Amino acid sequence: MQPFTIVSGAAIPFMRANVDTDVIVRIERLTSLPKDQLGPFAFESLRYLPDGSADPACILNAERFRHAPFLLAGDNFGCGSSREGAVWALMCLGIRAVIAPSYGDIFYANCFQNGMLPIRLPLDRIEALAARCADGSALTVDLRTQTIQCSDGGPQPFAIDATRREALLGGLDAIGLTLRNDALIRAWQDKDRVQRAWAWNSVRA
């Protein structure tokens, strides 16, 4: 998993509330495509016209936001069904962090399992960021200092769970975090083999 330390770039002002995972990626795309090919189908109902051409009125298609690493959103982003593919599709678009007031719980957890940073900020602060970034101006998100920096303003702090922050900084999912304690796990196993040999004998059988 790619670590997240400092990321800079444009931020798409996609200030919609209640964007569900079916809007982010349709379920049938997940049954027919590998996870690294979902980018063209992220937000497809919004990005494309009925004839399949790109909708020039959609902010997601604006040239100044091509390959933008940040998405600014409204309340309850990623609500709906619990498809991890929603995170995969966003990452295939190049999104490394979403900044929203609130998230669907499962989407929020899936972000951390895939190296994406979901930041919670009050709506008025996100709207201020959106206004500053509307022309494609860059943001810098520094997870080490837990700050967001605009080109024309001072750093803004954000909060994040310490364990999840550590995992993102190290590029570790839940399994990776567990394996950091491999020596402790093995030491416990060695001790338990002595104290409860019967249990280990039954496992081998």
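A quick note: this is a predicted structure, and the numbers were derived from the prediction, not measured.
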By side chain to side chain donor-acceptor pair (under 3.5 Å) - contacts of [X] (at least two apart):
X    : result
R196 : D192
Q189 : none
T5   : none

Under the ring pair (Phe, Tyr, Trp, His ring centres under 6.0 Å) rule, what pairs show up with a residue in residues 43-92, not counting sequence neighbours?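 Found F14-F43, F77-F107.
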Restricting to salt bridge (Lys or Arg N to Asp or Glu O under 4.0 Å), what partner residues turn up for [X], sequence neighbours left out?
X    : answer
R16  : none
D55  : none
R132 : D152
D135 : none

Restricting to side chain to side chain contact (heavy atoms under 4.5 Å, CB included), what partner residues turn up for P155, sequence neighbours left out?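 Applying side chain to side chain contact (heavy atoms under 4.5 Å, CB included) to P155 gives T147, Q149.
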Set of ring pair (Phe, Tyr, Trp, His ring centres under 6.0 Å) partners for F41, sequence neighbours left out: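 Here no residue qualifies.
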Taking only residues at least two apart or on different chains, which pairs with a member in residues 30-42 satisfy side-chain hydrogen bond (donor to acceptor under 3.5 Å, both in side chains)?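 Not a single pair qualifies under side-chain hydrogen bond (donor to acceptor under 3.5 Å, both in side chains).
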Inter- and intrachain pairs under salt bridge (charged side-chain N to carboxylate O under 4.0 Å, His left out), touching residues 109-128, at least two apart: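 Not a single pair qualifies under salt bridge (charged side-chain N to carboxylate O under 4.0 Å, His left out).
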